[in-house]
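Only one structure is covered here, and it is reproduced in the block below.
Below, chain A is the first sequence line, B the second, and so on; all start at residue 1. As the structure is a prediction and not an experimental result, all values here were calculated from the model.
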Number of protein chains: 2
Amino acid sequence: MSEATEKRVRSRRLSGGGVKMVDVARLAGTSTQTVSRVLSRPELVADDTRKLVEQAIRELNYIPNSAARLLASSVSHIVAVIIPSLSATVYAQEVHHIVRVLEEHSFSVVIGHSDYSELREERLVQSFLERRPDGFILTGTQHTDLTRQLLRNSGVPVVETFDGDNAAMDMSVGFSNLEAGRKVAELFLSRGLTRIAYVGGRSDQDFRSNARFEGLQSRLAEAGLAPVARIELTLPMPAGDGVRGLDQVLAIDPLTQAIFFSADTLAISALLECNRRGMRVPEQLAICGFGNYDFADAIVPALTTVAVPFEQIGVLAANAILARLDGSVQGPSQTVVPLQLLRRGSA
Amino acid sequence: MSEATEKRVRSRRLSGGGVKMVDVARLAGTSTQTVSRVLSRPELVADDTRKLVEQAIRELNYIPNSAARLLASSVSHIVAVIIPSLSATVYAQEVHHIVRVLEEHSFSVVIGHSDYSELREERLVQSFLERRPDGFILTGTQHTDLTRQLLRNSGVPVVETFDGDNAAMDMSVGFSNLEAGRKVAELFLSRGLTRIAYVGGRSDQDFRSNARFEGLQSRLAEAGLAPVARIELTLPMPAGDGVRGLDQVLAIDPLTQAIFFSADTLAISALLECNRRGMRVPEQLAICGFGNYDFADAIVPALTTVAVPFEQIGVLAANAILARLDGSVQGPSQTVVPLQLLRRGSA
DNA sequence: TTGTACGCGTTATCAG
DNA sequence: CTGATAACGCGTACAA
């Protein structure tokens, strides 16, 4: 390989044009230290020197190397986010707002899918830890022991989201899934409905859905109702699974009066299927969803559902990390955001 | 600060427990080089030594520092992905599959939102470049000059997605938006519809929507039809905007026979609104969407739409980066994935 | 198959 | 306000 070729390859890999801080310093006639200061704490540099440096930076198209910065300063400006899947609107929404907030504070977000598996989450944590993130945002409070140990050991701020019922390792921003279930139970009870079913994710995959079921179940039991039928779907659940859930419920009890679906996607597809079959909603079958997604109030009848403030969760989670990093907040914290039952046409 | 406290703080920030390769080497009784080899090319190490090292790694909970690795090897194992917004299902889906594929190859994905702005994209590129990513995946082919220059200069593989009509800077994986428009025009023509409207994003924001409009318009013009009415909505467009688009179209021409919406979300909400108003679809008004989202075929009448293989786009984009990185593919490339018009009930 | 010496690009420390 | 020097933790090249 000729020297020229080698140089080209090298600079390509470096992908910074090969220009580094020394080059800027040389051109500006200062030391690298001053360049560094202009970049991180410009107020400490004399105006003239600063302008000289800034000029040199532009001229050379200098792009700092964050790896070198991390190595020297042990601050990565990275926040690692692990969610079950980006194809579920819920999590996509949450991440959207996390990214939005963190971008404003010049943090980068690296993202990973646990695919609803604690083990995959563990592997991701392990691999993300190599990047020395300044914060972690996880989903739920269910993790392997190793995950907990790794995280605790690393000392990185951790926010667990979507679960306000269980204790968090560090910080948490979530809502009470138990309460969601109870709210829906109340609704059904207030309408005098007694033959009730629940459709959600598999109990070994979706722990937060479990809590919603528990809430529903326990409140109904308090009212003296028989245990509700429960259908467990394998995650991820495409919208069409709502129809399958509906069919399984009706197979168990054709006279079922109400179904609580663990996600609006399921509820909507079930409701539309009822329309198609001529089953009257809510008279013949009441349907309640969870999440208040797009179209929940556009379909006919409009979907009764539990509104979850996904945006707020994302924003608060990001802020929790930021607050811990800038030192304005110190200890653990547990934030529970409110849910709202939206009574519309379907239940 | 006591020495102990100082040490604790330090190790917290390092978030790797402070254990480094030398520590592992020391415990295993080898050199760091051997540890390094065990991590990257285990086959070059004798079985016994390897086991010793692996044992030491476990015992110390050693977590490699990717910044140091990058600094020494100039490989970051990071791919930067920039999309307009994660709250649009399209992009969330695409990213989902990008992440899925890249995770399998132990690449991390950092993600950013351009918010449909070239300038914000430019700033993101600038900031991501500091991390020396091994690849970039962008959306569309519309970028600022600086973005192009920065990217070209860096030598990083770049994939532009969602636009198969325009020339790419390096590689591209997309579909023809022009063709999408033409396909829909054909459909309307075949049904003898002549008063046609288009509802999409603002022309200065959504360039790919522009192309769909062009395709529609030009094909209709070829058939001798008058220019179609065009409604421009400001991005991001919540689903409810479909109704606003519908209203604006009807305000311009109450006798409009067909509308092509630039996204299914808009089309679905408009269609449901038509149902509510008692406007018969497609007899009175034909509706065609774009994207084939969830519920497109669950509503009544089922939505006629253009199916876009978002998953395939994500997978191909990720693979394009990977192929370039492992050297199996060298030059630029332009991949166009096929679209499919799904004729269903609404048009 | 393993070890040694050095460089990667930046920031912290401390002196001036 | 600025500069010299020493880390930061790992991979590469080369030698053994």
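Taken over five-pair windows at either terminus, the axes of the helix from dT1(C)-dA16(D) to dG16(C)-dC1(D) are inclined to one another by 30° (rounded to 10 degrees).
Regarding Leu71(B), its CG atom lies at a distance of 4 Å from the C1' atom of dC8(C), rounded to whole Å. Lys20(B) places its NZ atom 14 Å from the P atom of dG11(D), with the value rounded to the nearest Å. Rounded to an integer number of Å, the gap from Leu129(B) CG to dG9(C) P is 15 Å. When the C1' atom of dC10(D) is taken as reference, atom CG of Asp23(B) falls 13 Å away, rounded to whole Å. Whole-Å rounding puts the Arg26(B) CZ to dT2(C) C1' distance at 18 Å.
The backbone N or O of Arg69(A) sits less than 3.5 Å from a side-chain atom of Ser73(A), completing a donor-acceptor pair. Looking at Asp134(B), its side chain never comes within 3.5 Å of a backbone N or O of Val79(B) through a donor-acceptor pair. Between the side chain of Gln142(A) and the backbone N or O of Glu118(A) there is no donor-acceptor pair closer than 3.5 Å. With Thr139(B) contributing its side chain and Ile82(B) its backbone, the two residues share a donor-acceptor pair below 3.5 Å.
In the region residues 44-52 of chain A, proximity to DNA chain C at under 4.0 angstrom, judged on heavy atoms, holds for none of the residues.
Within 4.0 Å (heavy atoms only), Thr30(A) reaches sugar-phosphate atoms of the nucleic acid but no base atom.
Within the structure, every pair that satisfies the side chain to side chain donor-acceptor pair (under 3.5 Å) test and touches residues 325-335 of chain B, not counting sequence neighbours, is listed here: Asp326(B)-Ser328(B).
Annotation: side-chain hydrogen bond (donor to acceptor under 3.5 Å, both in side chains) contacts of Asp115(B) (sequence neighbours excluded): none. His77(A) pairs by the ring-ring contact (aromatic ring centres under 6.0 Å, His included) definition with Phe107(A), not counting sequence neighbours.
Contact check on Lys20(B) versus Asp23(B) returns no salt bridge, with no Lys/Arg side-chain nitrogen under 4.0 Å from an Asp/Glu carboxylate oxygen. Under a 4.0 Å N-O distance rule, the pair Glu103(B)/Arg123(A) does not qualify as a salt bridge.
Phe136(B) and Phe128(B) have tilted rings, their planes meeting at an angle from 30° to 60° on a 0 to 90° scale.
Only one option out of Arg324(B), Arg152(B), Arg148(B) pairs with Asp170(B) in a side chain to side chain donor-acceptor pair (under 3.5 Å); it is Arg324(B).
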Nucleic acid footprint by protein, nucleotides 11-16 of chain C - heavy-atom cut-off 4.0 Å, B for base, S for sugar-phosphate alone: BBB---

